[in-house]
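Data first, discussion second: the structure below is written as structure tokens.
First listed ligand is number 1; within each ligand, the first listed atom is number 1. We use all heavy atoms of the structure for the numbers below, so side chains are in, but hydrogens, waters and symmetry mates are not.
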Amino acid sequence: MPDINAFYKEYGIGEKVLELSERIEAELEPRFKAIDGIAEYNQLKVLSAMQKNRVNASFFSASSGYGYNDAGRDALERVYADTFHTEDALVRSQITCGTHALNLALSSCLRPGDELLLPAGAPYDTLHEVIGIRPSVGSLSEFNITYKQVDLIDDKDFDYEGIRAAIGPQTKMAAIQRSKGYASRPTFSVEKIGELISFIKYIKPDIICMVDNCYGEFTETIEPSDVDADMTVGSLIKNPGGGLAPMGGYICGTKSCIEKAAARLTSPGLGREVGASLGINTALYQGFFLAPQVTASAEKGAIFAAKLFEAAGFKAHPAGDEARHDIIQAIDLLKPEYLQAFCRGIQAVAPVDSYVTPEPWAMPGYDDDVIMAAGAFVQGSSIELSADGPMRDPYTVYFQGGLTWHHAKLGIMLALQKLIDAGYML
Ligand SMILES: *Cc1c(COP(=O)(O)O)cnc(C)c1O
């Protein structure tokens with residue numbers, strides 16, 4: 001075995017970071033084994049859904065134009081539905097991103113006069129304009145759809161009494177976000193989401209419960225759809241795309257919800273019958289097949305980052321030893337120059353665009369300037385190694401992805417080294 005540390009040193013990673021990394025990787029062996037166990041279970045779940053639906057090479061051919069009778073597209077939706085244990089699914093390249101999938105789920109099921117319940121505090125930044133929390137053209141509030149937000153108790157627990165009080169005759173839907181996203185609260189386990197859904201349905205059984213599953217897929221052996229969510233929603237350029245999906249989003253759910261979503265995505269009367277796949281079916285199948293393994297790699301990277309930066313004196317959310325239900329790792333870097341240094345470390349290990357320097361920038365849908373590091377095969381893909389953060393105190397970096405664990409490891413080590421190079425005393 002040649003000396004791998006010589007390779008790391010070529011990247012400028014010094015002895016201190018190397019030693020610390022080695023120690024932490026050794027400590028993490030049992031954690032990594034548990035993650036591999038979840039990946040193994042999920043691999044079999046996906047594989048058996050593919051076999052049950054008799055996936056074959058004819059599904060990989062491209063449709064064009066209207067996309068009528070695209071057997072590969074339709075079967076992929078059954079594969080998703082069987083994996084998520086739902087009646088139906090909509091998996092489409094025409095769903096442009098996670099926010100679009102969530103907007104589709106909400107706007108297809110809500111009608112003027114209905115109210116949306118947010119039982120777990122503020123939603124993901126980009127949903128503020130979807131809902132109309134921040135005024136925006138085309139928001140739900142422009143259609144006279146109102147919302148009620150119930151904040152978490154101590155930024156972690158559901159306020160069941162508050163939720164009970166917020167549910168009224170107009171409450172039609174509840175939106176629950178699994179991952180913390182850019183918030184400071186913990187990510188919810190599927191089990192905890194299940195408790196919330198059963199409470200909401202106990203109060204009013206016909207409330208449609210929608211879960212934003214972005215970043216959560218395959219981190220556990222069950223999904224929100226296994227605990228009675230009517231719609232489970234996410235992006236294909238995160239976990240379930242396995243790094244290969246070039247675009248797309250999904251909604252898995254009940255027959256009636258999926259019918260509404262399809263009618264809204266294309267047109268009433270056309271629904272799911274149209275939507276050419278243009279030759280990306282292979283990537284969607286293959287990406288979904290790899291997704292359990294890719295998610296496990298990203299999760300290992302997240303835990304390694306938490307432990308390494310804790311050892312270096314920073315605060316990580318979740319903490320290195322905490323249970324974990326998504327692939328996002330937040331670390332408070334406390335200074336703008338450390339946030340930039342971290343992002344530069346991640347950028348410098350990218351297989352694509354490694355020579356560019358990330359700078360803070362105004363992003364559509366986000367309140368503050370955001371700095372982003374990504375050198376991805378798929379533009380904006382955050383299952384690929386990436387780091388980003390809003391330029392606001394405490395300069396928290398949100399780190400995610402890594403198609404392979406070893407790539408994530410290199411990026412994290414270099415990120416710490418860049419902080420040291422920027423003046424941080426380890
Ligand atoms: C990424 C993300 C979204 C939005 O997805 P985009 O693809 O960026 O539009 C929504 N919710 C959560 C929790 C996310 O992580």
Here the atoms of ligand 1 under 4.0 Å from any heavy atom belonging to Tyr124 are 1 (C), 2 (C), 3 (C), 4 (C), 10 (C), 11 (N), 12 (C), 13 (C), 14 (C), 15 (O)
Note: ligand 1 atoms sitting under 4.0 Å from heavy atoms of Tyr215 are 15 (O)
Original post:
Below 4.5 Å, heavy atoms only, C-beta onward: do Arg272 and Asp88 meet side chain to side chain?
Top reply: yes
The protein heavy atom nearest to atom 6 (P) of ligand 1 is Gly98 N, 3.5 Å
Gln177 heavy atoms within 4.0 Å reach ligand 1 at atoms 13 (C)
Inset, instruction - Determine whether more than 12 heavy atoms belonging to other residues, nucleotides or ligands lie under 6.0 Å from atom CD of Glu191. - result: no
Counting from 1 in the order shown, the ligand 1 atoms closer than 4.0 Å to a non-hydrogen atom of Leu102 are 10 (C)
Atom 11 (N) of ligand 1: of Thr187, Asn103, Asp212, the nearest heavy atom sits on Asp212
Is Val79 close to Phe59 at the side-chain level, that is, under 4.5 Å between some pair of heavy atoms?
-> no
Numbered in order shown, the ligand 1 atoms found under 4.0 Å of a heavy atom of Thr99 are 4 (C), 5 (O), 6 (P), 9 (O)
To the nearest 0.5 Å, atom NZ of Lys180 lies from atom OH of Tyr215 at 10.5 Å
Contact region, Lys238 to ligand 1, non-hydrogen atoms below 4.0 Å, reads side chain
Side chain of Asn42, backbone of Phe218: donor and acceptor closer than 3.5 Å?
-> yes
Think Lys238 forms a cation-pi with Tyr124, using NZ or CZ under 6.0 Å from the six-ring centre and within 45 degrees of its axis? yes
